[in-house]
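Bear in mind the structure is a predicted one, so any value in this text is a computation, not a measurement. Lettering follows sequence order; numbering is per chain, from 1.
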There are 2 protein chains.
Amino acid sequence: MSAPSFRPLYDQIKILITQSLIAGEWRPGEAIPSEMELASHFGVSQGTVRKAVDELAGENILVRKQGKGTFVATHDEEHTQLRFLRIHADSGEKEYPRSEVVDCRRDKVAPELARALELRPGAPVYVVKRRLIFSGKPLVFDEIVLSAPLFKGLSAPRLNEFKGSFYSFFEIHYGLRMIRAEERLTAVAAAEEAAQHLDVPLGTPLLCVDRIAFTYGDKPVEWRRGLCHTAGHSYYNELA
Amino acid sequence: MSAPSFRPLYDQIKILITQSLIAGEWRPGEAIPSEMELASHFGVSQGTVRKAVDELAGENILVRKQGKGTFVATHDEEHTQLRFLRIHADSGEKEYPRSEVVDCRRDKVAPELARALELRPGAPVYVVKRRLIFSGKPLVFDEIVLSAPLFKGLSAPRLNEFKGSFYSFFEIHYGLRMIRAEERLTAVAAAEEAAQHLDVPLGTPLLCVDRIAFTYGDKPVEWRRGLCHTAGHSYYNELA
DNA sequence: GAGTGGTCTAGACCACCCC
DNA sequence: GGGTGGTCTAGACCACTCT
């Protein structure tokens with residue numbers, strides 16, 4: 001048996017709330033009903049709803065604000081907008097890099113990515129290439145792969161016009177909320193394309209960050225490979 | 001004012017439990033008193049103790065085991081012993097690398113590390129160099145710096161004799177529990193020493209992982225730099 | 001069966017936000 | 001003042017472990 005024989009009530013409530021989020025019942029940034037309302041709606045005590053919401057808040061899916069309410073998390077807020085960007089200056093200063101899309105075209109998904117993105121082989125995708133510019137210096141060259149049907153009408157100008165992060169763009173224009181991601185890091189030597197865009201000699205050691213990002217229900221939506229010239233910068237991580 | 005005007009009871013309980021841990025009242029792996037005992041000892045309800053213990057368990061400082069009790073977390077257990085090792089094979093297979101200490105000597109702390117380790121300039125330290133060998137291949141070359149007074153009598157043979165991770169060794173022989181760490185990753189070209197120990201050509205791109213590890217009360221205890229040849233392996237990270 | 005942590009409830013009161 | 005989330009309590013019952 002893989003299914004647990006016992007399912008706590010708060011766990012079921014968690015699932016029901018998640019389903020409402022998937023269904024788009026409440027949009028990113030909006031408030032969800034109060035704990036008392038949810039409790040009476042689901043026919044449980046406030047404490048049980050609390051535990052469910054606590055866990056969803058711990059997963060950065062909801063955000064609690066004392067005295068105001070509980071809100072659907074978004075990538076559009078000040079302190080969370082660069083949640084997934086781990087590249088920081090050694091000085092510790094906060095930086096808001098500028099994104100510069102250099103290419104955006106339709107293609108067929110590469111075989112090795114089809115599985116990761118749960119697409120059928122040869123499915124249509126958008127491939128976006130962009131640079132991230134930190135204080136005038138191009139430090140990251142990203143290649144991003146997105147399922148074409150999910151991102152109809154994507155284009156370089158639309159991405160470049162947008163003020164905000166890619167994930168904020170995905171939320172606003174496609175209703176897709178990225179809630180978690182898995183990354184795998186390696187060190188590689190700069191090949192021609194990356195060397196050009198990052199303005200470094202061929203063979204320069206680069207941090208290679210492969211990411212798969214997921215939306216509600218652990219559905220993979222984005223694959224990306226970031227090549228990072230770690231000059232005065234590093235990838236920061238906390239282990240607990 | 002930086003101190004919060006309001007301190008929840010469970011937060012105070014958390015601090016009291018942490019102080020008992022610092023004082024060595026319960027040793028790693030041992031059970032702490034039951035929730036009911038703690039509750040009556042502190043004069044609060046079981047629910048309040050629960051919340052305190054929940055948070056400490058969330059920080060991997062305590063481990064709850066239903067029906068048995070609550071235990072002081074340790075690096076010596078099966079599933080947690082490689083908690084801080086993020087290098088994994090691309091295949092996803094679990095590997096237990098072999099550690100091979102190649103050098104261990106006393107030295108004075110480097111100026112740039114003194115601050116990070118909260119030592120006075122020139123304080124005595126041990127500098128340990130070791131390789132991690134994955135399925136016969138040396139993939140990581142570590143340089144580890146530890147305050148000498150804290151680690152009296154450290155030596156290469158003692159480290160090599162020990163069956164288990166470094167952090168498990170620290171717990172058992174020095175009573176120091178590593179509870180969290182900060183890492184900064186960059187990509188570098190292999191210099192001579194690393195190239196030799198990792199058996200790669202000079203200039204091979206390597207993942208450079210700088211770590212500071214902390215014990216109870218956020219006290220820094222260890223600095224280390226790991227140079228990793230990411231051949232068939234990568235540094236895995238989850239973003240949430 | 002006795003002891004542990006895990007769930008759930010109902011109700012009181014506090015801190016914060018906004019009208 | 002009325003709404004929200006945040007804390008704390010007391011007590012009931014469930015699930016798990018060991019003896």
Side-chain angles (χ1 to χ4, degrees), chain A residues 1-17 20-21 26 29-74 77-80, chain B residues 1-17 20-21 26 29-74 77-80:
Chain A
M1 308 273 260
S2 81
S5 50
F6 173 70
R7 257 284 159 80
L9 248 185
Y10 69 80
D11 222 343
Q12 301 176 42
I13 305 282
K14 237 181 103 171
I15 292 169
L16 290 173
I17 293 176
S20 292
L21 286 167
W26 313 300
E30 276 184 16
I32 71 170
S34 75
E35 294 181 351
M36 292 303 282
E37 285 174 302
L38 288 171
S40 69
H41 178 256
F42 292 128
V44 300
S45 76
Q46 190 199 4
T48 301
V49 170
R50 263 195 91 64
K51 176 129 184 167
V53 172
D54 273 346
E55 293 203 354
L56 290 169
E59 296 166 23
N60 294 307
I61 290 173
L62 298 177
V63 176
R64 322 190 71 138
K65 295 185 186 171
Q66 186 173 165
K68 299 177 75 173
T70 301
F71 300 79
V72 182
T74 159
E77 295 162 44
E78 179 63 21
H79 74 290
T80 45
Chain B
M1 307 272 262
S2 82
S5 51
F6 173 70
R7 257 284 160 76
L9 248 184
Y10 69 81
D11 222 341
Q12 302 177 42
I13 305 285
K14 238 182 101 171
I15 292 169
L16 290 172
I17 294 175
S20 292
L21 287 166
W26 314 300
E30 277 183 18
I32 71 170
S34 74
E35 294 181 352
M36 291 304 280
E37 285 176 299
L38 289 172
S40 68
H41 177 257
F42 291 127
V44 300
S45 76
Q46 190 199 5
T48 300
V49 170
R50 263 195 92 62
K51 177 127 185 170
V53 172
D54 273 347
E55 293 202 354
L56 290 168
E59 297 165 24
N60 295 306
I61 290 173
L62 298 176
V63 177
R64 320 189 71 137
K65 295 186 185 171
Q66 185 172 168
K68 299 177 76 173
T70 302
F71 300 81
V72 182
T74 159
E77 295 161 41
E78 178 62 21
H79 73 291
T80 44

Rounded at 0.5 Å granularity, tell me how far [atom1] in [X] sits from [atom2] in [Y].
{"X": "B:D54", "Y": "B:Y10", "atom1": "CG", "atom2": "OH", "value": "11.0 Å"}
{"X": "A:K14", "Y": "A:L62", "atom1": "NZ", "atom2": "CG", "value": "10.5 Å"}
{"X": "A:L38", "Y": "A:I13", "atom1": "CG", "atom2": "CD1", "value": "8.5 Å"}
{"X": "B:L56", "Y": "B:T70", "atom1": "CG", "atom2": "OG1", "value": "10.0 Å"}

Do any N or O atoms of the protein come closer than 3.5 Å to N or O atoms of nucleotides 1-5 of chain D, and which pairs are they?
from	atom 1	to	atom 2	distance (Å)
D:dG3	N2	A:G67	O	2.9
D:dT4	O2	A:G67	N	3.2
D:dG5	OP1	A:T70	OG1	3.3
D:dG5	OP2	A:E35	N	3.0

Could you give all pairs that pass the salt bridge (charged side-chain N to carboxylate O under 4.0 Å, His left out) test and reach residues 37-53 of chain B, with sequence neighbours left out?
B:E35-B:R50
Establish, with yes or no, whether the OP1 or OP2 oxygen of [N] is under 4.0 angstrom from a side-chain nitrogen or oxygen of [X].
{"X": "A:Y10", "N": "C:dT7", "value": "yes"}
{"X": "B:T48", "N": "D:dT7", "value": "no"}
{"X": "A:K51", "N": "C:dC8", "value": "no"}

Calculate the interatomic distance between [X] atom [atom1] and [N] atom [atom2]; express it in whole Å.
{"X": "B:E55", "N": "D:dC8", "atom1": "CD", "atom2": "P", "value": "11 Å"}
{"X": "B:L38", "N": "C:dG3", "atom1": "CG", "atom2": "C1'", "value": "15 Å"}
{"X": "A:R7", "N": "C:dG6", "atom1": "CZ", "atom2": "C1'", "value": "15 Å"}
{"X": "B:L9", "N": "C:dA15", "atom1": "CG", "atom2": "P", "value": "12 Å"}
{"X": "A:D11", "N": "D:dA15", "atom1": "CG", "atom2": "P", "value": "15 Å"}
{"X": "A:L62", "N": "D:dG6", "atom1": "CG", "atom2": "P", "value": "12 Å"}
{"X": "A:F6", "N": "D:dC13", "atom1": "CZ", "atom2": "C1'", "value": "10 Å"}

Give B:V44 one of three labels, base, sugar-phosphate or nothing, depending on what nucleic acid heavy atoms sit under 4.0 Å from its own.
sugar-phosphate
Which atom pair, heavy atoms only, marks the closest approach of B:Q12 to B:R7?
NE2-O, 3.0 Å
Could you pull out all residues at least two apart from B:D11 that satisfy side-chain hydrogen bond (donor to acceptor under 3.5 Å, both in side chains)?
none
Output the single nucleotide from C:dT9, D:dC8, C:dT7 whose closest atom is nearest the side chain of A:S45.
C:dT9
